[in-house]
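Have a look at the structure below, then the notes.
The chains referred to below are lettered A, B, ... by the order of the sequence lines, with proteins before strands, and numbering in each begins at 1. Atoms considered below: every heavy atom in the structure, side chains included; atoms not considered: hydrogens, waters and symmetry mates.
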Number of protein chains: 4
Amino acid sequence: MSSRIGNILSVSIFGESHSDAIGCVIEGLPAGLPVDTEELQRFLDRRAPGRSATATARREPDAPQFLSGLFEGHTTGAPFAALIPNTNTRSQDYDALRRIPRPGHADLPARLRYGNWHDVRGGGHFSGRLTAPLCIAGGIALQALASLGIEIAAHIANLGPTGIADEPLDAMAPDRAQLAALAAHDFPCISTDAAVRMQDAILAAKRDKDSVGGIIECAAYGFPAGVGDPMFDGLENRIARIAFGIPAVKGVDFGAGFAAAYLTGSQNNDPYRMVDGTPRPVSNNAGGILGGISTGLPLIWQMAVKPTPSIGREQPSVDIDAETDTELIVRGRHDPCIVPRAVPVAEAVCALALMDALLEDGRFPAPAPRRA
Amino acid sequence: MSSRIGNILSVSIFGESHSDAIGCVIEGLPAGLPVDTEELQRFLDRRAPGRSATATARREPDAPQFLSGLFEGHTTGAPFAALIPNTNTRSQDYDALRRIPRPGHADLPARLRYGNWHDVRGGGHFSGRLTAPLCIAGGIALQALASLGIEIAAHIANLGPTGIADEPLDAMAPDRAQLAALAAHDFPCISTDAAVRMQDAILAAKRDKDSVGGIIECAAYGFPAGVGDPMFDGLENRIARIAFGIPAVKGVDFGAGFAAAYLTGSQNNDPYRMVDGTPRPVSNNAGGILGGISTGLPLIWQMAVKPTPSIGREQPSVDIDAETDTELIVRGRHDPCIVPRAVPVAEAVCALALMDALLEDGRFPAPAPRRA
Amino acid sequence: MSSRIGNILSVSIFGESHSDAIGCVIEGLPAGLPVDTEELQRFLDRRAPGRSATATARREPDAPQFLSGLFEGHTTGAPFAALIPNTNTRSQDYDALRRIPRPGHADLPARLRYGNWHDVRGGGHFSGRLTAPLCIAGGIALQALASLGIEIAAHIANLGPTGIADEPLDAMAPDRAQLAALAAHDFPCISTDAAVRMQDAILAAKRDKDSVGGIIECAAYGFPAGVGDPMFDGLENRIARIAFGIPAVKGVDFGAGFAAAYLTGSQNNDPYRMVDGTPRPVSNNAGGILGGISTGLPLIWQMAVKPTPSIGREQPSVDIDAETDTELIVRGRHDPCIVPRAVPVAEAVCALALMDALLEDGRFPAPAPRRA
Amino acid sequence: MSSRIGNILSVSIFGESHSDAIGCVIEGLPAGLPVDTEELQRFLDRRAPGRSATATARREPDAPQFLSGLFEGHTTGAPFAALIPNTNTRSQDYDALRRIPRPGHADLPARLRYGNWHDVRGGGHFSGRLTAPLCIAGGIALQALASLGIEIAAHIANLGPTGIADEPLDAMAPDRAQLAALAAHDFPCISTDAAVRMQDAILAAKRDKDSVGGIIECAAYGFPAGVGDPMFDGLENRIARIAFGIPAVKGVDFGAGFAAAYLTGSQNNDPYRMVDGTPRPVSNNAGGILGGISTGLPLIWQMAVKPTPSIGREQPSVDIDAETDTELIVRGRHDPCIVPRAVPVAEAVCALALMDALLEDGRFPAPAPRRA
């Protein structure tokens, strides 16, 4: 069940880039959870294409239709289902798509995997468009977590070949100024200067018919200590399993992450001290997670996003059916950088992993019963 | 089910550092698979403690007892179960262990998670010792994959604060000289020089009552193209979910990984060419995986291992019951660096993920029936 | 994930009786499977209401919309999703529904389970209407199995308080005359006489503002020997787990079933003989299943369907909010007997269980690759 | 994962009749649950062979060794593992076993399923002996449920070809006299007279080199209302999936069960009345379950156990390798009736299903934290 995540909060994603619709089915949402569909729409809009010069010119509203599980603004306890119609699908020469795989895309392995029955149009089920239903589910989880005082924020920590860095998110406690700046900016950076430089780099890549990647950092503030599970359902495993489901993600790390490999134990260990009557780590190289379980400090993780494989330049490829080499120019409108649009997806990933762990550990409080 | 992995090849890990035994139950092994228990023992010995000056002085044989699922040297199709008795457990002052959590270990979050019922001795179920049964399962998977011509090798790519680097594994094809050197060395490096320098760094850390971490690189050669699944059961998701189950792993990436974020699309995309009548990428920034599915090139991934949290130095901690700050000196024999012992564990992780994907995709050939 | 079944062929059901739509998402369908949507529609029509005097007068077309996973008449390998809009929903006094639970329905336990947030209209997610998406999935599985020569048929074995019995399905081999009669009849009986008498009994119950139940027998012919799994994923467990998901099913048995308890071992054991060079049981008390695995004889199972709980008579109930006893007359149009409409659902259940077992055991042949 | 059950309380069963050991691994037990191993042993003794003239003469103690997850008499939160060594295994002529399948056993389908690699000795993983580890897990669940006031009892409702019936368990409330009588009797009947007649029937079958089956009824008293899940994880589905994992079970029904098919709706519906301020059904044809969820009345279910297939009479079979018909006399010591020994297994099945549902629905209270 490769398009499903979660142990208790189970999300199934369906759809293909050019099928009639994409969508999700969510099982395990407690009954009685309020869902603010307008707030959800605003969250989805952050991911949607066509919003700025740095993104693809395709414009699809990503307006979900709610099919079940929601009644009078609250979850019913039954499976929640929603879909987004695919309105902006254009007729294409499928055979050419099937014959000449785009470098960096799943076209070639998908053809081998599915005996060439794969719907290759727009990448099919491998399209980045499938992160939209992931964000429907994640947006609901974000609202549910917010009601418990858990706040999740992500930004572009680093972008492009020259390594344009944003200010890091505070790893010890939520920094209101940071979070306010991040919320105020259209481009998901804390620092206005970094935002400007990153956008310039993206536009330069666009002009160059090329693309750039980057690193997204995500923090969860207010997550309670003692939640998570050992070995394979630790918070790290849960987040990583979902994050690698985002097309273009090639690396995930937590806290000091890969940099921890270059520290000594005495540097990397986060010492404990009593803080307000509670034992707390006084630094956060662990990213708020030890043994897969939360320490009470903010959860901090990063994901590496490769440069968009669809670029306007001619690229060496092959004609599989003719069994010859050929050159390929990918047509259509493409993001020169998907990192900005992947930022809300990182928040969705984080919210889904954390809400599932809270539910599984019995730490998500049951909503109040509906009054008669 | 946080101590279980796999969709078809399902491995359950049980045991605690100081319980009577640790072990595993494997479901989904096809019937009729030969298991060479001597070769398995040699593989387990690579992970076992006490083998060298750079590892802990504890010496436990890690000799598995096979309980079921194996008959006359072949799997029977029934669940395979094995255990390793815990022989080297020493009586300890449990209350002190419960009161004063070790920085960098799971002691504190586990206490919160399990209402203080957690068996804190030696880290309980969070102990690195639990990688031994993971290696039993992984060792069997390695043998099964080898019979299909799939070869998995890992080494220490980088170690210690100064960044001592080994030669990288060939990302385009198996390099026989590299693999022979790696197999010949006691210390898991390709380059003898790197091995010497890494061991010096570990011994220096030991003298300093400190510890060091590192980066392990793992390659799978000969894995067929077109195996894996979209979204959340891609090869990356499968490997990452298991790898983050190894204590001390804080990051996982694939191919160019985090470095891909600093490339342009035209640099990062692996172009295709016809090679021997087959379309093949001619570079391998993707680490052999696109859309979660194998491309036919070697699978390449890395994991970041933090420095061992158990160090001989005094560290700031707390007495949870007394609600006061205190200082802690972790007693006992500890590895100044667990990276060398984690190398076979990386191979086990990779083998389990890949065999599960082959089985799920119907690409693992059924063993021949037993002759009457 | 209570609304999901299957290990490899995974079906998620969503929707509520009065939500915007009901539907299903199917993962695990091999790519390249032909789907005949007209044949599927005919199968769905067998379950749909409003077809005869013995069923409810509500008339809903149950015409599925295919959202994804299907392209040019074949499965693509991506999740298959379909929905059926709920067109015939009428506004109702929800509060009365919430206050006064219908005896024999899930209203009361659902209210306790979901803190009263449950969408009580028409039974919500507990409605028999949810068997429609189960039949979409089952109808596709029936087509896939038919392509392998596996034929599934069900009929009403027994109906009503007087025990009107149909001729049993042949348990040793498909009887063409039986299957032709069954296919020719609108009412799912082999014997015309039994069909007439059963319909009379249903109409009598209707006139009496009452309802009747019955027993459905289902057979799978042509299923290969040696498929299934021990203990908890045996063919019996798989079928039973799904069958008990049909509202009103209160019992499931296999072969001689409950009657086997009254046989001696020498009567109940099915002896073996060589038949056409193959060892075969020469009787079929086992219902074609031993140890959860198929024996090569037809699979035979029964399910007991209770009388429809919605009856026109006044029934004792309670007003939960007023905390008083009250009398309830269930309004609306209801089936005096759902057994005829449950017959195709039994076939769907059987097909889904068997196709999942074939896929999991590697016995479902991969469809041919799409020609370039 | 055919040898595993449970969503939250996950039990993996391993072992074969003649492997070194059989056992189980339980994940999902809350930390801090007291386990009384002496009480557990008494429960296991009820299932163990060799206790009476009506059972097999084989005598194996079924004394579990606890490997992990239990410390100082309480669960630790880590996976619980236990094994029972197989001490009473006798060397046998395996080839004859492989060649000549026993009618009514899994020998033939297992041979086809596992390419003849199956460990055929004693039935391998298909042996009734595998219910011993199921009872270890079930026994722990029974203790945990008892601490919440939930009491589970089973008895032989009916036995043998002449249909010797015991008094039914009270379906509306626990009857202390019944439960005391049941507990006091060695043979699991309420009525002493029925017990004597059933034992006579078993001994008669034994003398006749034959075997008899029967029907086991199981009740759970004190289970709270509003627990369970719709569709496929209802209490019925959960119990049925596990119960069909017991070798020889061929049917499962709930409440009126198969007999409900012969009632009218007005007879079968359980009317509601306010009882002590709570809405309650005033009859229990539903067996305490509507829509998969508990109604607050006792849960009542039955399972049909076929007569033991191993009988001393000569039976027609085949020599698979020689491809000829042959006659088989099953050697060894066998139960002429396994129904009495299956009674505690039914209780184990019920306890595991109910505890899993309580845990999944957040209705199992967390044990108190361990005091410092």
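Salt-bridge formation is detected for the pair Asp119(D)/Arg121(D): a Lys NZ or Arg NE/NH1/NH2 atom is positioned less than 4.0 Å from an Asp or Glu carboxylate oxygen. Note on Asp62(D) versus Arg129(D): salt bridge recorded, some NZ/NE/NH1/NH2 to OD/OE distance being below 4.0 Å. A salt bridge links Arg111(B) to Asp321(B): at least one charged side-chain nitrogen sits closer than 4.0 Å to a carboxylate oxygen. Using a 4.0 Å cut-off between a side-chain N of Lys or Arg and a carboxylate O of Asp or Glu, Asp229(D) and Arg238(D) qualify as a salt bridge.
Contact annotation for Ala368(B): only backbone heavy atoms (N, CA, C, O) come within less than 4.5 Å of a heavy atom of chain D. Of the atoms belonging to Tyr114(B), heavy atoms from both backbone and side chain fall under 4.5 Å from chain D. Neither the backbone nor the side chain of Arg99(B) comes within less than 4.5 Å of any heavy atom in chain D.
With hydrogens and angles disregarded, no donor-acceptor distance shorter than 3.5 Å links the side chain of Asp107(D) to the backbone of Val120(D). A donor-acceptor pair under 3.5 Å is absent between the side-chain atoms of Thr326(B) and the main chain of Ser317(B), judged by distance alone. At distances below 3.5 Å, not a single donor-acceptor pair connects side-chain atoms of Asp356(B) with backbone N or O atoms of Ala353(B). Side chain of Asn86(B) to main chain of Ser19(B): a donor-acceptor pair is present (N/O by atom type, distance under 3.5 Å, no hydrogens or angles).
Proximity to chain D at a heavy-atom threshold of 4.5 Å picks out Glu72(B), His74(B), Thr75(B), Thr76(B), Gly77(B), Ala78(B), Pro79(B), Ala81(B), Leu83(B) from residues 72-84 of chain B, in numerical order. Within residues 6-16 of chain B, the residues approaching chain D closer than 4.5 Å by heavy atoms are, in numerical order, Gly6(B), Asn7(B), Ser10(B), Ser12(B), Ile13(B), Phe14(B), Gly15(B), Glu16(B).
Counting heavy atoms from C-beta on, the side chains of Leu44(B) and Arg47(B) never come closer than 4.5 Å. Within the 4.5 Å cutoff, the side chain of Ile140(B) has heavy atoms near those of the Leu40(B) side chain. The closest side-chain heavy-atom distance from Ile320(B) to Asn116(B) is not below 4.5 Å.
With chain D as partner, the option from Gly28(B), Gly69(B), Pro367(B), Gly124(B) having the largest number of non-hydrogen pairs under 4.5 angstrom is Gly69(B). When Ala366(B), Ala110(B), Ser2(B) are compared by the number of non-hydrogen pairs under 4.5 Å with chain D, Ser2(B) comes out ahead. Ranked by heavy-atom pairs under 4.5 Å with chain D, the list Arg4(B), His125(B), His118(B) is led by Arg4(B). In terms of non-hydrogen atom pairs under 4.5 Å with chain D, the most contact-rich of Ala21(B), Pro30(B), Ser68(B) is Ser68(B).
We find the CD1-CG distance between Ile246(D) and Leu134(D) to be 6.5 Å, quoted to the nearest 0.5 Å. Atom CG in Leu328(D) sits 6.0 Å away from atom CD1 in Ile100(D) (nearest 0.5 Å).
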